[in-house]
Amino acid sequence: MLSIYNTLTGKKEPFQSLQPKTVRMYVCGVTVYDYCHIGHARSALVFDVIRRYLEFSDYQVEFVKNFTDVDDKIIKRANEQGVSCDAITAEYIEAYYQDMGKLGIRQATHEPKATEHMAEIIELVNMLIQKGFAYEVAGDVYFQVEKYQAYGRLSKRKLEDLQAGARVEVDERKRHSMDFALWKSSKPGEPSWESPWGPGRPGWHIECSAMSMRHLGETFDIHGGGMDLIFPHHENEIAQSCGATGKEFARYWIHNGFVQIKQEKMSKSLGNFFTIREVFEKWGYRTQVTGEVLRYFLLTTHYRSPLEFSDQGLQEAKRTLDGFYNLFQRLDEITQTEGPGDSQLQQVLEKRSNGFREAMDDDFNTPAAIAQFQDFRGEVNRLLETGLSKKACGMARELFRSLGGVFGLLLLSWKKDWEFRYLDDEPTAWPPPWMRQQDRSGVPQPLIADEELPVAALSDEEIEGKLVERDEARKQKDFKKADEIRQFLKESQGVTIEDKPDGTSRWKR
RNA sequence: GGCGCCGUACCCAAGUGGUUAAGGGAGCAGUCUGCAAAACUGCGAUGCAGCGGUUCGACCCCGCUCGGCGCCUCCA
């Protein structure tokens, strides 16, 4: 039984979907005016994994994630660069798909944009005015927080407390300092849409209410986003949505913790952020930090806890992941049909499969689930000493693949890195199928071919040739030559050679 | 000022009112090996920031203190 920590109640609760076997979930995406940083990556990843686990648990998931493409920051950026807002948003939506694609983030069921839902937004604002929750002042429309008695329920704040600590200048036209804009009249040169209150654009919060209702209905199961959205964004969404419909809005509120640098929140305003592409560039995508390594690293901490981003953490993730692929290589090499350890493996498969579910059912405890993988890895390695049949090895690999698929991990062929041979039958393989479609309008093509291969990279065949050469030398007891070849491949090609007990060798990048 | 979170071994990181406080990385010592790598085995917190309290019993519940952080303004 899945239980989820619900910000609304501050407790872990058993998860009960509104409709059997279906989950409808909305997650606040990004405002597209700059490249995504690791914090954005974490948020996207957390909900990607939640979505995958729900699907793994036999739910059909209607997953909506928006792009905020009307906003002060976008306007500012457009003015700075002397281009249109559309140019800015198109550029960063493309970048979003490139970066998240490398991380293996699957596309949501719907990815609506605010600019494409003006009719719904205006209608919602209208409804709020009619019901007395909102008022117009000279082309602006504000939500009147005092009219919504449950205001503050999500963030556990009282209106009085908020007022006392308000750090913003109070707009005299507002009836209460916490009243927030549903609709803003536009200044010349700003993007604007016709409305009953004159030309203008929506406030930030209203778009999510309008789009979630449009795609998921008035009441749905899960609403998520970063911790920092609890107040005011999600609080305001609830006020607007419940005010307009008189019904419950989202039932479970999930919020992920921050990525930190030196104990501080990674954020634009503090300037202490790394973009996703910076991390890949710094480390060398495909050689040191693959999308999988970053993914693994981000999942080693529970989603609600702060996560300290560090080079050391990344390296550790790489090393641990390598351990799994070493095992997969061993599993692949087994050809024998006899397996003294087969019966024990059966028990282990069941134990780890159950352990994984238990961990994930407990509020998506990915670190505990990863520990199950690690235990499993050790157990299979040990049973390999006992002896496993080819069939059993296949079953072990299959469990790694299916459970790993929930995390988007362990899906690669063991000969990975720059070749990037993914298991083709894996639906969550990267690049995801939707990125492979050539005619997808508005969606950029994957960056699969833009990486430079190392200079003078040898082909598999050439490496195999070197290996034969080395094996010959070893047979002649010419260890000096053998070691030279090994060293050459290691240094120039990043290829590691391992000698097996039977006298033959294996290699890997 | 208001609301909230965190503090577990060298590092990362789960977890529980009472059996040996998961797992990983690093380290050390072995097995194996021409060497190496991989894998395996063993070692590693008498203690979970500190101090009180509740309890038969707390790392886990309550209070306080110290240290760090977040939200209250845009923010994943």
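Predicted, not measured: the structure shown is a model, and the values here were computed from it.
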Could I get a table of every N or O pair under 3.5 Å where one atom is in the protein and the other is in nucleotides 4-12 of chain B?
{"residue": "B:rC11", "atom": "O2'", "partner": "A:Gln312", "partner atom": "NE2", "Å": "3.0"}

[X], nearest nucleotide to its side chain (from [options]):
X        : options                : result
A:Asp161 : B:rG2, B:rC40, B:rA76  : B:rG2
A:Glu264 : B:rG70, B:rG34, B:rA36 : B:rG70
A:Arg486 : B:rG70, B:rA36, B:rC74 : B:rA36
A:His37  : B:rC3, B:rA76, B:rC35  : B:rA76
A:Gln260 : B:rC69, B:rA39, B:rG25 : B:rC69
A:Arg330 : B:rA39, B:rC35, B:rA76 : B:rA39

What does [X] touch in the nucleic acid at a heavy-atom separation under 4.0 angstrom: a base, only the sugar-phosphate, or nothing?
X        : result
A:Gly10  : nothing
A:Arg319 : sugar-phosphate
A:Phe258 : base

So which nucleotide does [N] pair with, by the Watson-Crick or G-U wobble rule with both distances under 3.5 Å?
N      : result
B:rC64 : B:rG50
B:rA45 : none
B:rG70 : B:rC3
B:rU20 : none
B:rA37 : none

Phosphate-side-chain proximity, A:Asn381 and B:rC40, N/O vs OP1/OP2 below 4.0 Å: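 Checking B:rC40 against A:Asn381, a side-chain N or O does come within under 4.0 Å of OP1 or OP2.
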Distance below 4.0 Å between A:Lys500 side-chain N/O and B:rA37 OP1 or OP2: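 Looking at the OP1 and OP2 atoms of B:rA37, neither is under 4.0 Å from any side-chain N or O of A:Lys500.
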Is the charged tip of [X] near the ring of [Y]: under 6.0 Å from the six-membered ring centre and within 45° of its axis?
X        : Y        : result
A:Arg397 : A:Phe328 : yes
A:Lys73  : A:Tyr33  : yes
A:Arg157 : A:Phe231 : yes

Salt bridge (charged side-chain N to carboxylate O under 4.0 Å, His left out) contacts in which one or both residues fall within residues 141-153 of chain A, not counting sequence neighbours: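 Listed by first then second residue: nothing to list.
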Inter-nucleotide P distance (B:rG47, B:rU54), Å rounded: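 Going atom to atom, P in each nucleotide, I get 23 Å.
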Whole-Å distance separating the CZ atom of A:Arg377 from the C1' atom of B:rC40: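 Whole-Å distance recorded here is 12 Å.
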A:Tyr26 ring center within less than 6.0 Å of A:Phe63 ring center: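 No, ring centres 6.0 Å or more apart.
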Qualifying residue for side chain to side chain donor-acceptor pair (under 3.5 Å) with A:Asp48, from A:Arg106, A:Gln107, A:Arg295: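 Per the side chain to side chain donor-acceptor pair (under 3.5 Å) rule, the option paired with A:Asp48 is A:Arg295, out of A:Arg106, A:Gln107, A:Arg295.
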Which residues share a side-chain contact (heavy atoms from CB on, under 4.5 Å) with A:Asp228, sequence neighbours left out: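 By the side-chain contact (heavy atoms from CB on, under 4.5 Å) rule, A:Asp228 matches A:Phe258, A:Lys265.
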